[in-house]
S.K.: 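Can you keep this structure in mind? I'll have questions shortly.
Here is how names work: the chains are called A, B, and so on, in the same order as the sequence lines, proteins then strands, and each is numbered from 1.
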Amino acid sequence: MTVRVDVAPSVLSWALDVTGADEEGLHRRFKLDKWLAAEARPTLKQLQDFAKAAGVPFGYLLLPQPPAWSLPVPDFREGFETVPTPSANLIAVIGQSQRRQEWYRDYALALGVEPLAFVGSAAELPPLEAAAEIRSALDFQVSDRHGTWADTRKALLRGFETLGGLTVATSMVENNTRRSLDENEFRGFALVDDIAPLVFVNTHQTLNGQIFTLAHEFAHVWRGTSGIGNEDTRSDGQSDIERWCNAVASEVLVPRDDLADRHARVASAPLVQALDTLAHDFRCGTLVVLQALHRTGVRRIENYAAAYDAEVVRLRDLSEARESGGGDHYNNQPFRVGERLSRALIADALEGRTPITEAMRLMSMKSASTFDEYARRLGAA
DNA sequence: GGTACAATCCTCCACGGGAG
DNA sequence: CTCCCGTGGAGGATTGTACC
C-alpha cells in the first residue's frame, strides 16, 4: 500500500517561493498543479524527492502552514519594496556557517585561544581611521597589491584567516552545483564572534564584487555587528551601520591619500581611462574607484549618477565574453570551507577528538580517501 | 631591433552531486 | 553508469613594456 501525505497548498506555495531551484523543472517533475489544487496527494517518496529537489527541509512540508522562517542575523539588504522571504539556499548556508563557527569556537576555546582584540575594536572610530586599522591588520597596503584580482581576493581572505578569523567563499550550498546562490539575494554576510568571527562571500559575482564584499564584511567584524548584505557601491546604504561599513570598505580598498597621489597622473585623461588605471593600481572595481573619486572630491565628476550608470553598462558589455575554466577540488576546498577551519578539523580529527565523520560532514566531504588526500595536500596529516 | 623581465592568458587537473 | 556543472591554482605560452 502506498502511503500518501497531506500537504497544505500554502506550504507548497511557500516551498516554491523559497526554492533556489528552477521552478519550471519542478513543475515538470512533479504534479504540482494538482497538489496545489488539492486534487491529488503526493506519495511519501514523491514528497521527499520534491523536498530534495527544491532544497527545502522535508519536515517543513508536513507543517499545517508555512513556517515563519527568518534570517538568524540582522538583515541589511536593500533595494526591495518589501523584504523578501529568505531562500532555502540562504538559510542553508547560514546554518552551515553557524555550525562551523560553533565547532571552531569550542575547538579554539579548548586550546585556550584568547578573544580576538580586533573584533569590535573600531566601533567608535570614523571610517577613515577604521579603514586604516583594517588595512594595517590585514597587511593590505596599496603598495602590496600585486598580481591578479584573484590574488587580491586571496590576500584578503588569507589576511583575515591569519588574524584568527574564518572565511567561506563559495557559490553554492555544500558542494551541490544545483543549489547555487543568487547574487541578487545576498552578496555576503558576517557572523561576528570574538573567538571565531566568520566572513562569508557569495562567489556568484564578479571578482571585483567579491573584493568589495569582503572589505564590507570585514568592516562589520571590526564594528562588532553581524549582518547580511547585498550591498553595492552605488548606494551609500540606508542604515547608519551600512553607511559606515560601505565607507570603511571603500576606504580600505581606495585610501583617500593614495587616491589623490595616483589620480594626479591621470587627472587629464578621460574618466573611463582614469578608472581603469586606478582600478588596476588598487586592485578593485572601477565602480569602487568612481565612488571614491566622487566621495573624496579628488576628481570633479559632472553627473555622478549618469557616470555610474554608464560604467555599469560598460562592465556588463565587457563581462559578456567570460568563460570559466576547470578546477581542482583540493585547491577549491580551502576557499569553500576555509583554510583555518580545514586545518583545525583535520588536526582535531586525526588526534581522535572530533570524529572523522563529523569533520567530513562539516567540510562537506564524502569519502575517507578524499579526507586523507586533502589532509596530505594541506600538509596537515 | 634586441633583450630581459613582467604581466597576462591558456590549459589542465579532481571531486561532489543531480538528472536521466 | 554516464553525463554535466562548478571551480582555484600551477605552470607553460604568449603578449606587453622598458630600456639600450
S.K.: With the side chain of Lys154(A) defined as its heavy atoms from C-beta on, choose the nearest nucleotide among dT7(C), dG9(C), dG16(B).
M.R.: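 Side chain of Lys154(A) sits closest to dG9(C).
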S.K.: Does Ala169(A) or Arg178(A) map to a spot on DNA chain C nearer the 5' end, using the closest nucleotide for each?
M.R.: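 Between the two, 5'-proximity favours Arg178(A).
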S.K.: Just checking, Arg361(A) and Phe371(A): is the charged tip under 6.0 Å from the six-membered ring centre and within 45° of the axis?
M.R.: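 The answer is no; the distance or angle limit is not met.
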S.K.: Distance check needed: dG17(B) P versus Lys52(A) NZ, whole Å only.
M.R.: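 Interatomic distance, NZ of Lys52(A) to P of dG17(B): 9 Å.
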S.K.: Under a 4.0 Å N-O cut-off, is there an ion pair linking Asp276(A) with Arg314(A)?
M.R.: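 Between Arg314(A) and Asp276(A) there is a salt bridge, with a charged N closer than 4.0 Å to a carboxylate O.
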S.K.: DNA chain B: Arg336(A) or Asn176(A), which has the more 5' nearest nucleotide?
M.R.: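 Between the two, 5'-proximity favours Arg336(A).
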S.K.: Need one value for Asn332(A): base, sugar-phosphate or nothing, where a base atom within 4.0 Å counts as base even if backbone is also close, heavy atoms only.
M.R.: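 Touches a base.
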S.K.: Looking at Arg377(A), Lys154(A), Arg158(A), which one forms a salt bridge (charged side-chain N to carboxylate O under 4.0 Å, His left out) with Glu339(A)?
M.R.: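 Going through Arg377(A), Lys154(A), Arg158(A) one by one, the salt bridge (charged side-chain N to carboxylate O under 4.0 Å, His left out) with Glu339(A) is satisfied by Arg158(A) alone.
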S.K.: Report yes if the side chains of Val7(A) and Gln46(A) come closer than 4.5 Å at any heavy-atom pair, otherwise no.
M.R.: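 The answer is no, as the side chains (C-beta and beyond) never meet within the 4.5 Å cut-off.
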S.K.: Mind calculating the distance between CZ (Arg283(A)) and P (dA7(B)) to the nearest angstrom?
M.R.: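 The answer, rounded to whole Å, is 8 Å.
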S.K.: Measure from the side-chain heavy atoms of Ser171(A) and tell me the nearest of dG9(C), dG18(B), dG6(C).
M.R.: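 Of all the options, the side chain of Ser171(A) is nearest to dG6(C).
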S.K.: What's the closest nucleotide to the side chain of Tyr330(A) if the choices are dC15(B), dT7(C), dG18(B)?
M.R.: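 So the nucleotide nearest the side chain must be dC15(B).
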S.K.: I need the CZ-C1' distance between Phe371(A) and dA14(B), as an integer number of Å.
M.R.: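 Whole-Å distance recorded here is 18 Å.
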S.K.: Give a yes or no on whether Glu39(A) atom CD has more than 12 heavy-atom contacts from other residues, nucleotides or ligands under 6.0 Å away.
M.R.: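 Atom CD in Glu39(A) is crowded, with more than 12 foreign heavy atoms closer than 6.0 Å.
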S.K.: Could you tell me how far apart Gln333(A) (CD) and dG6(C) (P) are, to the nearest whole angstrom?
M.R.: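 Atom CD in Gln333(A) sits about 18 Å away from atom P in dG6(C).
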S.K.: Choosing from dG18(B), dG9(C), dT8(B), which nucleotide comes nearest the side chain of His280(A)?
M.R.: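 Closest nucleotide among those given: dT8(B).
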S.K.: With distance as the sole test, does Thr19(A) use its side chain to make a donor-acceptor pair with the main-chain N or O of Ala15(A) at under 3.5 Å?
M.R.: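 No; judged by distance alone, with no hydrogens or angles, the pair does not exist.
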S.K.: Side chain of His329(A): nearest nucleotide among dG9(C), dT7(C), dG16(B)?
M.R.: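 Nearest nucleotide to the side chain: dG16(B).
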S.K.: Report the distance from atom CG of Asp276(A) to atom P of dT8(B), rounded to the nearest whole Å.
M.R.: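 Answer to the nearest Å: 12 Å.
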S.K.: Of all the nucleotides listed (dG16(B), dT7(C), dG9(C)), which has the minimum atom distance to the side chain of Ser367(A)?
M.R.: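 The answer is dG16(B), which lies nearest to the side chain.
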S.K.: Please state how far atom CZ in Phe50(A) lies from atom P in dA19(B), giving the value in whole angstrom units.
M.R.: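 In whole Å, dA19(B) P lies 12 Å from Phe50(A) CZ.
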S.K.: Of all the nucleotides listed (dT7(C), dA19(B), dG6(C)), which has the minimum atom distance to the side chain of Ala53(A)?
M.R.: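 In terms of side-chain proximity for Ala53(A), the closest of dT7(C), dA19(B), dG6(C) is dA19(B).
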S.K.: Under 4.0 Å between a side-chain N or O of Asn175(A) and OP1 or OP2 of dC15(B)?
M.R.: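 Checking Asn175(A) against dC15(B): no side-chain N or O falls below 4.0 Å of OP1 or OP2.
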S.K.: Assuming nearest nucleotide by heavy-atom distance, tell me which of Arg179(A) and Ser369(A) is located more 5' along DNA chain B.
M.R.: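 Nearer the 5' end of the strand: Ser369(A).
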S.K.: Closer than 4.0 Å, any side-chain N/O of Ser180(A) to the OP1 or OP2 of dG6(C)?
M.R.: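 The answer is no; no side-chain N or O of Ser180(A) sits under 4.0 Å from OP1 or OP2.
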S.K.: Starting from P on dT8(B), measure out to CG on Leu207(A) and report it in whole angstrom.
M.R.: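 One finds 13 Å between P of dT8(B) and CG of Leu207(A), rounded.
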S.K.: May I have the distance from Met172(A) (atom CE) to dG18(B) (atom C1'), rounded to whole angstrom?
M.R.: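 It is 13 Å, rounded to the nearest whole Å.
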